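Proteins get letters first, then strands, A, B, ... in listed order; numbering begins at 1 in each. Worth saying up front: this structure is predicted, and the values here are computed from it rather than measured.
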Amino acid sequence: MMTQPVEKNQTSDNSNGTPNEPITNPKAAKAAKLQALKEKGVEPYPHVYDRTHMAAELHEKYKDLEDGSETEDQVSVAGRIMAMRNNGMFIDLMDASGRIQVFCHKQSMDEEALAQLKLYDLGDIIGAKGTMRRTPRGELSVRVTETFMLTKSLEILPEKHHGLSDVEQRYRQRYVDLIVNDESRETLRARSKIISFIRRYMEDMGALEVETPMLHEILGGASAKPFVTHYNALSHDFYLRIAPELKLKRLIVGGIADSVFEINRNFRNEGVSIKHNPEFTMIEGYHAFKDYNDLMDLIEDLVGQAVEHIHGTREIEIDGQMVNFAGPWRRVSMCDLVKEHTGVDFMAIETAEEAREAALKAGVHTESNANWGQVVEACFDEKAEHTLIQPTHVTDHPFEISPLAKNHRDNPRVVERFETFVNGWEIANAFTELNDPAVQRERFEAQVEQREAGDEEAQMLDEDYITALEYGLPPTAGWGMGLDRLVMLLTDSHNIRDVICFPTLRPKG
RNA sequence: GACCGCUUAGCUCAGCCGGUAGAGCAACUGACUUUUAAUCAGUAGGUCGAGGGUUCGAAUCCCUCAGCGGUCACCA
């Protein structure tokens, strides 16, 4: 269990609130009130509470109640105390739906109930029963007859206007962040809503959701460095998966369904940044008898609908710019796009050496052993990628950088692949799947060569996967989409940590 | 992983060409059954991230370490 770095005052002389001495430590004051509650016979941590309404329900139900009017309607609410005004006469309670003011007036409460208010603090979770009214100043309130301590809080809430802005504490103690920062709650709720929407969309199209292993014996399905873990019982090291791709396609071979998808975590042993968390959530989908053209349609429709589901429109502001998700999205081949931005037509260039020279003239430096495809990719990354603000499918990648994609039906230098970009970020990667076992073996062998030449991220030869292809993978199209990034776009979040409940942080000392 | 920056009260922040700390919120005492960041009067709260150095004297200058942030590299 992680200890909290906030115990500094515990040993100071008067912090325990000994009789006749003022309590100066806020935490000690809370502890003293907890004790006082117990002495009054009030259970500070009861088991259950009978609530009749959420805050938002009341605001909806009484939205037409006029200022200054009282009702006889009895309600029971519960929530965390976020503000107390006028000596506890006005208390703002926050529940999962919103806030509601409770009005603790001495005319409506007996002496005992009033006295108990003195033992409540900001942060406590209480219940309140009473009647609905709207104050003369227009605030919907519960005129309280009785309150109930539901959970005594012993910690101090951060400042009420500025909230909690210390980034480290926000992520390390997400619960505090969620209590005080509305935006954090909204963003993480939106994440849930988006992922739920995508799952429903996939199910509605008849796709089968599956789960495949996190512990892999062989790396594959992506180019990335892995985490390694040890399984004691088998005396064997496993990789935490970098992608589920090769497992999912085995399921298509098996014919479990024509469409399968998985929404789950991948792990990549790389640095963190505002766009990278070492564990991240992806959806991958595989569809028999489809090709990559079908997937462009699918992604446009899925993402477009998701945007509309969250925002009620398909045109939203991201990073200060309007982005329009209404289709059709631009579809452009990687070579054409590179030509647009560098003036170099790589399709007219045959050798790697000429390609490297042409790139250099365009201001893009490449490794001296870079092949034609890697040069094209480098030019795209440096010159074109960041310009793709509006949703764009970049198609037909060089085969050298796409070991699992099927060759293009009309052009042997490229494969039937596309990546979708929004706001300058890749959000999806898809291709017509390579299903010729002999070609797949050649591609794997090229990867193994790269690996032996020192490329830690090159893929391994997965013999069993080739065997699966030999049994026969039907024509299939597959895609993956980073859901953390999609959520960032749809919530206009600038840091991936904001869309992950508990982002990875360096362990403290 | 490299470079740059940040770390002061529970929270949000001042103070920084060296003279051992200040505000608002939160807390406590009291006033007002009034509110919407309620208000008013008073009280208390800090080994200034950790360790070392320079100096008569360090929150302030120097070094090391830790955490965090940013940029770059790798990548989705």
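By the side-chain hydrogen bond (donor to acceptor under 3.5 Å, both in side chains) test, A:R331 pairs with A:D297, A:E300, sequence neighbours left out. The ring pair (Phe, Tyr, Trp, His ring centres under 6.0 Å) test applied to A:F444 returns no partner, not counting sequence neighbours. The side chain to side chain contact (heavy atoms under 4.5 Å, CB included) search around A:H386 returns none, not counting sequence neighbours. Residues meeting the side chain to side chain contact (heavy atoms under 4.5 Å, CB included) test with A:S402, sequence neighbours left out: A:H397, A:A405, A:V415, A:R417. Residues satisfying the side chain to side chain contact (heavy atoms under 4.5 Å, CB included) criterion with A:R134, sequence neighbours excluded, are A:L65, A:D67, A:L140. Residues satisfying the side-chain hydrogen bond (donor to acceptor under 3.5 Å, both in side chains) test with A:E262, not counting sequence neighbours, are A:T212, A:R241, A:N264.
Identified under the ring pair (Phe, Tyr, Trp, His ring centres under 6.0 Å) test for residues 80-110 of chain A, with sequence neighbours left out: A:F90-A:F103, A:F103-A:H105. Residue pairs meeting the side chain to side chain donor-acceptor pair (under 3.5 Å) criterion with at least one partner in residues 82-101 of chain A, sequence neighbours excluded, are A:R85-A:D92, A:R85-A:Q101, A:D95-A:S97, A:Q101-A:S141.
No contact: A:Q107 has no heavy atom under 4.0 Å from any strand. Residue contacts shown for A:S273 are absent, as no nucleic acid heavy atom lies under 4.0 Å away. A:D381 comes within contact range of no nucleotide atom at all, as no heavy-atom separation falls under 4.0 Å.
Proximity of A:R172 to the phosphate of B:C68: a side-chain N or O atom is located under 4.0 Å from OP1 or OP2. Taking only side-chain nitrogens and oxygens, A:S223 never comes nearer than 4.0 Å to OP1 or OP2 of B:C74.
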Do any N or O atoms of the protein come closer than 3.5 Å to N or O atoms of nucleotides 22-25 of chain B, and which pairs are they?
| unit_1 | atom_1 | unit_2 | atom_2 | d |
| --- | --- | --- | --- | --- |
| B:G24 | N2 | A:E159 | OE2 | 3.3 |

Listing time: all N or O pairs from protein to nucleotides 3-7 of chain B that are below 3.5 Å?
none

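Atom CD1 in A:I500 sits roughly 16 Å away from atom P in B:A76 (whole-Å rounding).
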For residues 111-119 of chain A, run the donor-acceptor check on the side chains, cut-off 3.5 Å, and write out each pair with its distance to 0.1 Å, sequence neighbours left out.
| unit_1 | atom_1 | unit_2 | atom_2 | d |
| --- | --- | --- | --- | --- |
| A:Q116 | NE2 | A:Y120 | OH | 2.9 |

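The stretch residues 425-433 of chain A comes close to RNA chain B through A:E426, each having a heavy atom under 4.0 Å from the strand.
Side-chain contact check for A:T229 versus A:F267: every heavy-atom pair is 4.5 Å or farther apart.
The aromatic rings of A:F325 and A:W329 sit perpendicular to each other, their planes meeting at more than 60°, with 30° as the lower class boundary.
Here A:F280 lies parallel enough and close enough to stack on the base of B:A76, with planes under 30° and ring centres under 5.5 Å apart.
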